Engineer: 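Supplied in structure tokens, the structure appears directly below.
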Amino acid sequence: MLKLLTIVGARPQIIKAAALSRTIKKNFSSEIEEIIVHTGQHYDENMSQIFFDELQIPKPNYNLNVGSGSHGKQTAAMIEGIEEILISEEPNYIVLYGDTNSTLAGAIAASKIHIPIVHIEAGLRSFNKSMPEEINRIMCDHSSTFLFTPTLTGYKNLLNEGFEENNGSFNIDNPGIFHCGDVMYDNSLFFSDISDSKSSIQFSLDLKDKSYILTTIHRNNNTDDPVRLSNIFQGLIEIIETSKLQVVLPLHPRTKNKLQQLPEELQQRIKNNKKLRIIDPVSFLDMIQLEKNAELIITDSGGVQKEAYFFQKPCLILRNETEWVEIIKEGSGVLVNANHDKIIDSFKKMYKSKKSFPPIFGDGNSANFICEKLIENLISSS
Ligand code: UD1
Ligand code: UDP
């Protein structure tokens, strides 16, 4: 039996973990045992528990309840807790997703006590080391034994950093790199129909198809800089005033906490604008419904950028660079940074434009590929 210990902590990791847990349950239950550790990085009901309930992810075996804090404090508390669990559980591999502080903590804890790391969503680079996520993902990749990349660009990034094509038996000094596609794509395909039948958010918000733009904002360089955050909100309000569209904005708690730092006049404009629909974070099934029926998406989220692509929506990306460069290359996404003029100009260009969305995120079976590779390696190394 292969024993995996999975670390989750932030919202997108819980969602990503659903793909692997579902696949283990369906196809590998006699070969793989999964232990789930929640670091507690995200803890509000609608940032954590809602996904376990809705996406049928097994209840975590452990919750470290670390909560929020500075990077150092938060990461240190996670390392301590994860190390203790790794020592008592003795898994064959630890599974880490993405690039959050929970990922970094798992990588440090496991690599020091020689537990091989499986990094899912490996190889992505923004080439901007002022992003906390860039540091986290580089550190995790370079201490991993199995690196699964969601895109070909991710695979090439690893080759450029000295990782080598696979040659058999893997360890931390001789890691295996695999291009497997995106587990988020697995999830979007799997939950799309379920969302159609279960979500009623469009009805609750009285939103007609394509009558709205879906927006999310949470990236720290947008939320923590009042000038950037003001530019974004001014751009959104101007789009509302010059088009027939509403803007639906499920607001991340980080961003909610920063709204009062905006100029008083802008705060009032935000509050009084009936077509700017600021709502609490929504469940994944609700999010899929909102994405599928939006006219366009404006976001700084990594996951939402991709889901815009999966559901064939043009996307304005509120960043200066992206790890998901394929979306830009295909022309369905455009980088607008937090630049008011770029937001407005790009909206005019992208609104109602016809884009193509060739498949670049795999075939929807990435989680299955990952499980097979891990089992195969365990057999060959035993
Ligand atoms: C984290 C990840 C980021 C990821 C995002 C997904 C890091 C460094 N960042 O950013 O890569 O894109 O999650 O959403 O790991 N808060 C709450 N309730 C919660 C969670 C957070 O109120 O349940 C508030 C707290 O004020 C907290 C702030 O949000 O200080 C930021 O949370 P944190 O987990 O540190 O970073 P995120 O911005 O969520
Ligand atoms: N998401 C959600 N509800 C929301 C906002 C986002 O379910 O209110 C989902 C979204 O569909 C995607 C994931 O959360 O699957 C993205 O997470 P987030 O934007 O927090 O982080 P990132 O992907 O940027 O790391």
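Source: prediction; values computed, not measured. Read the numbers this way: they start at 1 and go in the same order the structure lists the ligands and their atoms.
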Engineer: Students should be able to answer this: which protein heavy-atom is nearest to atom 12 (O) of ligand 1, and at what distance?
Structural biologist: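 Going by distance alone, atom 12 (O) of ligand 1 is nearest to His218 NE2, 2.9 Å.
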
Engineer: Once you restrict to heavy atoms under 4.0 Å, what part of Arg254 touches ligand 1? Side chain, backbone, both or neither.
Structural biologist: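 For Arg254, backbone and side-chain atoms both sit under 4.0 Å from ligand 1.
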
Engineer: How far is atom 8 (C) of ligand 1 from its nearest protein heavy atom, and which residue and atom name does that atom have?
Structural biologist: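 I find the closest protein heavy atom is Asn101 OD1, 3.4 Å.
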
Engineer: If you measure every N or O of Gly303 against every N or O of ligand 2, does any of those distances drop under 3.5 Å?
Structural biologist: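 Among all N and O atoms of Gly303, at least one is under 3.5 Å from an N or O of ligand 2.
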
Engineer: If you measure only the distance, is there a donor-acceptor pair under 3.5 Å linking the side chains of Thr322 and Gln305?
Structural biologist: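 Per modelled atom types, Thr322 and Gln305 side chains form a pair under 3.5 Å.
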
Engineer: So which bit of Ser102 gets within less than 4.0 Å of ligand 1, heavy atoms only: side chain, backbone, both or neither?
Structural biologist: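 Within the 4.0 Å criterion, Ser102 makes no contact with ligand 1.
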
Engineer: State plainly whether one hydrophobic cluster holds both Ile317 and Ile232, where clusters connect Ile, Leu, Val, Met, Phe, Trp and Tyr through side-chain heavy atoms under 4.5 angstrom apart.
Structural biologist: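 Different clusters: Ile317 never reaches Ile232 through Ile, Leu, Val, Met, Phe, Trp or Tyr contacts under 4.5 Å.
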
Engineer: Will you find, in the side chains of Asp186 and Ser366, an N or O donor that is under 3.5 Å from an N or O acceptor?
Structural biologist: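 Side-chain D/A pair, Asp186 to Ser366: present.
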
Engineer: At less than 4.0 angstrom from any non-hydrogen atom of Met47, what atoms of ligand 1 do you find?
Structural biologist: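 Near Met47, meaning under 4.0 Å from one of its heavy atoms, ligand 1 has 23 (O).
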
Engineer: To which protein heavy atom is atom 2 (C) of ligand 2 closest, and what is the distance rounded to 0.1 Å?
Structural biologist: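 Result: Val282 O, 3.5 Å.
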
Engineer: Could you walk me through whether Phe284 and Phe51 pass the ring-ring contact (aromatic ring centres under 6.0 Å, His included) check?
Structural biologist: CA-CA 7 Å; Phe284 188 57; Phe51 301 104; 7.2 Å; no

Engineer: Mark the output for Gln305 as yes if a heavy-atom distance to ligand 2 is under 4.0 Å, and as no if none is.
Structural biologist: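 Flag not set, Gln305 not near ligand 2.
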
Engineer: Side chain, backbone, both or neither: which part of Asn257 has a heavy atom under 4.0 Å from ligand 1?
Structural biologist: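 Only the side chain of Asn257 comes within reach of ligand 1.
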
Engineer: Nearest non-hydrogen atom to atom 1 (C) of ligand 1 belongs to which of Gln49, Gln41, Gln74, Lys256?
Structural biologist: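 Heavy atom nearest to atom 1 (C) of ligand 1 belongs to Gln41.
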
Engineer: Between Glu238 and Gln234, do the side chains contain a donor N or O and an acceptor N or O under 3.5 Å apart?
Structural biologist: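 The criterion, which ignores hydrogens and geometry beyond distance, is not satisfied for Glu238 and Gln234.
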
Engineer: As a check for students: among Asp99, Asn220, Asp44, Thr75, identify the option with a heavy atom nearest to atom 18 (N) of ligand 1.
Structural biologist: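 Result: the heavy atom closest to atom 18 (N) of ligand 1 is in Asp44.
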
Engineer: What atoms of ligand 2 come within less than 4.0 Å of a heavy atom belonging to Phe51?
Structural biologist: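 Here the atoms of ligand 2 in question are 7 (O).
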
Engineer: For Asp300 and ligand 2, does the shortest N/O to N/O distance drop below 3.5 Å?
Structural biologist: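 By distance alone, the answer is no.
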
Engineer: Going by the order shown, which atoms of ligand 1 are within less than 4.0 Å of some heavy atom of Ala10?
Structural biologist: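 Counting atoms of ligand 1 from 1, those under 4.0 Å from Ala10 are 13 (O).
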
Engineer: Distance alone, cut at 3.5 Å: any donor-acceptor contact between the side chains of Ser21 and Glu34?
Structural biologist: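 Ser21 vs Glu34: donor-acceptor pair found between side chains.
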
Engineer: Any non-hydrogen side-chain atom of Thr215 less than 4.5 Å from a side-chain atom of Ile217?
Structural biologist: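 Yes, side chains in contact.
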
Engineer: Is Val183 linked to Leu189 within one hydrophobic cluster, defined over Ile, Leu, Val, Met, Phe, Trp and Tyr using a side-chain heavy-atom separation of less than 4.5 Å?
Structural biologist: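 Unlinked, Val183 and Leu189 end up in two clusters.
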
Engineer: Taking only heavy atoms of Pro281, which atoms of ligand 2 are found under 4.0 Å from at least one of them?
Structural biologist: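 Per the distance check, 8 (O).
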
Engineer: Heavy-atom distances under 4.0 Å decide this one: backbone, side chain, both or neither, for His42 against ligand 1?
Structural biologist: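 His42 to ligand 1: contacts from backbone and side chain alike.
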
Engineer: Before giving the answer on ring-ring contact (aromatic ring centres under 6.0 Å, His included), spell out for Phe163 and His142 the whole-Å C-alpha distance, their side-chain angles and the decisive distance to 0.1 Å.
Structural biologist: CA-CA 9 Å; Phe163 286 86; His142 285 265; 4.9 Å; yes

Engineer: Atoms of ligand 1 less than 4.0 Å from Glu133 heavy atoms?
Structural biologist: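 Under 4.0 Å from Glu133, ligand 1 has these atoms: 3 (C), 9 (N), 11 (O).
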
Engineer: Looking only at protein heavy atoms, which one is nearest to atom 22 (O) of ligand 1, and what is the separation?
Structural biologist: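 Checking every protein heavy atom, the shortest distance to atom 22 (O) of ligand 1 gives Pro253 CB, 3.3 Å.
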
Engineer: Which residue owns the protein heavy atom closest to atom 1 (N) of ligand 2, what's the atom, and how far is it?
Structural biologist: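 Nearest neighbour among protein heavy atoms for atom 1 (N) of ligand 2, to 0.1 Å: Met287 CG, 3.8 Å.
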
Engineer: Any non-hydrogen atom of Gly98 lying under 4.0 Å from ligand 2?
Structural biologist: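 The answer is no: ligand 2 sits nowhere under 4.0 Å from a heavy atom of Gly98.
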
Engineer: Below 4.0 angstrom from a heavy atom of Glu291, which ligand 2 atoms are there? Numbered from 1 as shown, please.
Structural biologist: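 Listed by number with element: 11 (O).
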
Engineer: Among the heavy atoms of Arg219, does any lie under 4.0 Å from an atom of ligand 1?
Structural biologist: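 Under 4.0 Å: yes for Arg219.
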
Engineer: Taking only heavy atoms of Ser283, which atoms of ligand 2 are found under 4.0 Å from at least one of them?
Structural biologist: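 Taking each heavy atom of Ser283 in turn, ligand 2 has 7 (O) under 4.0 Å.
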
Engineer: Cation-pi check, Arg277 to Tyr212: give yes when NZ or CZ is under 6.0 Å from the six-membered ring centre and within 45° of the ring axis, no otherwise.
Structural biologist: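 The answer is no; the distance or angle limit is not met.
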
Engineer: List the closest protein heavy-atom neighbour of atom 4 (C) of ligand 2: residue, atom name, distance to the nearest 0.1 Å.
Structural biologist: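 For this ligand atom, the closest protein heavy atom is Arg11 NH1, 3.2 Å.
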
Engineer: Under a 3.5 Å threshold, yes or no: a donor from one side chain and an acceptor from the other, between Asn136 and Asn101?
Structural biologist: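 Yes, side-chain donor-acceptor contact under 3.5 Å.
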
Engineer: Judged by modelled atom types alone, do Asn157 and Arg125 share a side-chain donor-acceptor pair under 3.5 Å?
Structural biologist: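 There is no such pair between these side chains.
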
Engineer: Of all the atoms in ligand 2, which lie at a distance below 4.0 Å from a heavy atom belonging to Ser301?
Structural biologist: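 Near Ser301, the atoms of ligand 2 are 16 (C), 18 (P), 19 (O), 22 (P), 23 (O), 24 (O).
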
Engineer: Check Glu133 against ligand 2 and report side chain, backbone, both or neither, counting heavy atoms closer than 4.0 Å.
Structural biologist: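 Under 4.0 Å from ligand 2, Glu133 contributes no heavy atoms.
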
Engineer: Quick check on the hydrophobic clustering: are Val325 and Phe361 connected, directly or via other members, by side-chain heavy-atom contacts under 4.5 Å?
Structural biologist: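 No.
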
Engineer: If two hydrophobic side chains count as joined below 4.5 Å and joins carry through other members, does Phe369 share a cluster with Tyr97?
Structural biologist: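 Per the 4.5 Å side-chain linkage, Phe369 and Tyr97 are co-clustered.
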
Engineer: Before giving the answer on side chain to side chain donor-acceptor pair (under 3.5 Å), spell out for Gln202 and Asp209 the whole-Å C-alpha distance, their side-chain angles and the decisive distance to 0.1 Å.
Structural biologist: CA-CA 8 Å; Gln202 241 187 302; Asp209 284 2; 2.8 Å; yes

Engineer: What protein heavy atom sits nearest atom 15 (O) of ligand 2, and how far away is it?
Structural biologist: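 Of the protein heavy atoms, Glu307 OE2, 2.5 Å lies nearest.
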
Engineer: Side chain or backbone of Ile15 under 4.0 Å from ligand 2, or both, or neither, by non-hydrogen atoms?
Structural biologist: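 It is the side chain that touches ligand 2; the backbone stays farther off.
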
Engineer: Pull out every atom of ligand 2 sitting under 4.0 Å from any heavy atom of Gly302, numbered as shown with elements.
Structural biologist: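 Under 4.0 Å from Gly302, ligand 2 has these atoms: 22 (P), 23 (O), 24 (O).
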
Engineer: Among all protein non-hydrogen atoms, which one is nearest to atom 17 (O) of ligand 2, and what is the separation to 0.1 Å?
Structural biologist: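 I find the closest protein heavy atom is Pro12 CB, 3.6 Å.
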
Engineer: Test side chain to side chain donor-acceptor pair (under 3.5 Å) on Gln13 and Thr100 and set out the steps.
Structural biologist: CA-CA 9 Å; Gln13 295 171 317; Thr100 72; 2.9 Å; yes

Engineer: Could you list which atoms of ligand 1 come closer than 4.0 Å to a heavy atom of Ser68?
Structural biologist: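 Answer, ordered by atom number: 25 (C), 27 (C), 30 (O).
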
Engineer: Taking C-beta and beyond as the side chain, do His38 and Asn63 meet within less than 4.5 Å on heavy atoms?
Structural biologist: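 SC-SC contact between His38 and Asn63 confirmed.
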
Engineer: Heavy-atom contacts under 4.0 Å between Ala10 and ligand 2: side chain, backbone, both, or neither?
Structural biologist: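 For Ala10, no heavy atom sits under 4.0 Å from ligand 2.
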
Engineer: If hydrophobic clusters are built by linking Ile, Leu, Val, Met, Phe, Trp and Tyr wherever their side-chain heavy atoms come under 4.5 Å apart, do Ile343 and Leu251 end up in the same one?
Structural biologist: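 Yes; Leu251 is reachable from Ile343 via cluster members.
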
Engineer: Under 3.5 Å, is there a donor-acceptor pair between the Glu89 and Tyr62 side chains?
Structural biologist: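 Tyr62 and Glu89 do have a side-chain donor-acceptor pair below 3.5 Å.
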
Engineer: Suppose we measure from atom 17 (C) of ligand 1 to each protein heavy atom; which comes out shortest, and what is that distance?
Structural biologist: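 Nearest protein contact, heavy atoms only, for atom 17 (C) of ligand 1 is Tyr43 OH, 3.3 Å.
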
Engineer: At less than 4.0 angstrom from any non-hydrogen atom of Pro250, what atoms of ligand 2 do you find?
Structural biologist: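 Near Pro250, meaning under 4.0 Å from one of its heavy atoms, ligand 2 has 8 (O).
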
Engineer: Pick from Lys342, Arg228, Glu321: which one makes a side chain to side chain donor-acceptor pair (under 3.5 Å) with Asn337?
Structural biologist: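 The option that passes is Arg228.
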
Engineer: Which residue owns the protein heavy atom closest to atom 6 (C) of ligand 1, what's the atom, and how far is it?
Structural biologist: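 Minimum-distance protein heavy atom for atom 6 (C) of ligand 1 reads Pro12 CD, 3.5 Å.
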
